[in-house]
There are 2 protein chains.
Amino acid sequence: MTVDRRILKTREAIKKAFFDLMAEKDFKDITVHLISERANLNRGTFYLHYLDKFHLLDKCIEEQLAGLLRVCASTGADQTHFPTFDSILATTEYFEEHILFYTCMLTNEGMPSFRDRLHQLMVKGIHEQVNMSGINKGMNKEILVQFMASAIVGIVEWWILNKMPVPANQLARELWTLLERNQIRT
Amino acid sequence: MTVDRRILKTREAIKKAFFDLMAEKDFKDITVHLISERANLNRGTFYLHYLDKFHLLDKCIEEQLAGLLRVCASTGADQTHFPTFDSILATTEYFEEHILFYTCMLTNEGMPSFRDRLHQLMVKGIHEQVNMSGINKGMNKEILVQFMASAIVGIVEWWILNKMPVPANQLARELWTLLERNQIRT
DNA sequence: ACATTTATTAACATCGTGTTGATTAGTGAA
DNA sequence: TTCACTAATCAACACGATGTTAATAAATGT
């Protein structure tokens, strides 16, 4: 029992059309009618695969973030020593490769939740790694974690939306310094 | 020549209804019809005052942020020494007073641009105050500014959305420490 | 080859939008 | 108080997006 190729074909066409449109206009102005037209299929067909455009968006984000997580984890083979400089560098380079998607998601006004989902991933990661002794002794852990998570996501967002004004390895180096200063590394 | 009281009355009713609805449901699900109904006025009347619901939202945000800026600036009478601990404390307390509005704006999914506008204000402020000598020597100023601005906005957002789990003065103290660590204060 | 699944087509009711024209009511100023 | 002006109301309109349906055609896996 294999997958019906018509399904894959249709879903690919829908996602492709959706991304094209996202690069052109705000999410709020994209209609199911537009997507179907661009994908060369009947509007009814869209509803056979997705509940509405929000559902479609959600699925697209899910797929992409799964890829990001894979890269983040891959280079840090040793889970106890994370992040490594290499894992940070690999991640910045990953963003470089997928700049189109991330620009699209971050540029688009009224984009529900994409930034939040990046942030959530970051909070989870930092919570496991932050060192609360030394310089951070006596601080509220939650505040520190939130502080750092927002800072890092903000940097990445800035870097992407400004078309990567510094090379990936410089960004990685400066991030490395800021993590050290706040004792987020192991 | 004074202002027609009918205009004020109508606009207040519209804004009031809008805020009520924002506390109940996502912005995307709020219609002009709903707002008018809740405000007890004709839908046509809405269009006499605002272009659409986005325009209304924009005006509401504008008014509120003007108030925030006034507080931020008020306590730091001396412009060369800013931020002061007092100005930070005053700001956290301001958020406490207006928790309803900020919760509403930050909770609401698909809220266009509110967070970004807070962030922009912060970037501007930090850019003028950050100290690039000492610990920050050799770093890219833009990266540092973005890092800190996102961190601070993130903390505030976390604090508000989590119903202020620590008192305003503790938040102010911890923020003060983090600013010192990264030499954002004067 | 055949049963099953998917896609197409056209139509439908429903809802939100933004605008219009005629009418009513409230307002500020003389 | 009167009066000109302006705002609000009401009903109606065309338009476009939504989500669903039923009949039909096409593609697929076995």
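The chains referred to below are lettered A, B, ... by the order of the sequence lines, with proteins before strands, and numbering in each begins at 1. Being a predicted model, the structure only gives us computed values, none of them experimental.
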(request) Measure centre to centre between the rings of Phe54(B) and Phe27(B), then say whether the value is under 6.0 Å. (result) yes

(request) Verify the distance criterion only: is there a donor paired with an acceptor across the side chains of Thr84(B) and Asp86(B) at less than 3.5 Å? (result) no

(message) I'd like to know whether Glu63(B) forms a salt bridge (charged side-chain N to carboxylate O under 4.0 Å, His left out) with Lys15(B), so could you lay out the CA-CA distance, the side-chain angles of the two residues, the decisive distance to 0.1 Å, and finally the verdict.
(response) CA-CA 11 Å; Glu63(B) 285 177 25; Lys15(B) 282 187 272 188; 3.0 Å; yes

(request) Map Lys9(B) and Lys53(B) onto DNA chain C by nearest heavy atom, then report which one ends up closer to the 5' terminus. (result) Lys53(B)

(request) With rounding to the nearest 0.5 Å, note down the distance linking CD1 in Ile126(A) to OG in Ser150(A). (result) 8.5 Å

(message) Looking only at the aromatic ring of each residue, does the gap between the centers of Phe101(B) and Phe95(B) stay below 6.0 angstrom?
(response) no

(message) Could you tell me how far apart Leu8(B) (CG) and dG28(C) (C1') are, to the nearest whole angstrom?
(response) 14 Å

(request) Could you tell me if the ring centre of Tyr50(A) sits under 6.0 Å from that of Phe18(A)? (result) no

(request) Could you tell me whether Arg117(A) and Asp58(A) have a side-chain N and a carboxylate O separated by less than 4.0 Å? (result) yes

(message) Looking at His49(A), I'd like to know whether one of its side-chain N or O atoms comes within less than 4.0 Å of OP1 or OP2 on dA7(C).
(response) yes

(request) Record whether the side chain of Arg6(A) comes under 3.5 Å of the base of dA27(D) through a donor-acceptor pair of N or O atoms. (result) yes

(message) In this structure, how many angstroms lie between the C1' atom of dA8(D) and the CD1 atom of Ile7(B), rounded?
(response) 11 Å

(request) Specify the residues of residues 14-22 of chain A, ordered by number, for which at least one heavy atom lies under 4.0 angstrom from an atom of DNA chain C. (result) none

(message) With a 4.0 Å limit, can you tell me whether His33(A) has a side-chain N or O closer than that to the phosphate oxygens OP1/OP2 of dG19(D)?
(response) no

(message) Once rounded to the nearest 0.5 Å, what's the spacing between atom CG of Asp52(A) and atom OG1 of Thr31(A)?
(response) 12.5 Å

Using the 3.5 Å cut-off, write out each protein N or O paired with an N or O of nucleotides 9-12 of chain D and the distance between them.
{"residue": "dT9(D)", "atom": "OP2", "partner": "Asn42(B)", "partner atom": "N", "Å": "3.1"}
{"residue": "dT9(D)", "atom": "OP2", "partner": "Thr45(B)", "partner atom": "OG1", "Å": "2.5"}

(request) Kindly say if Thr10(A) contacts the phosphate of dA7(C), meaning a side-chain N or O under 4.0 Å from OP1 or OP2. (result) yes

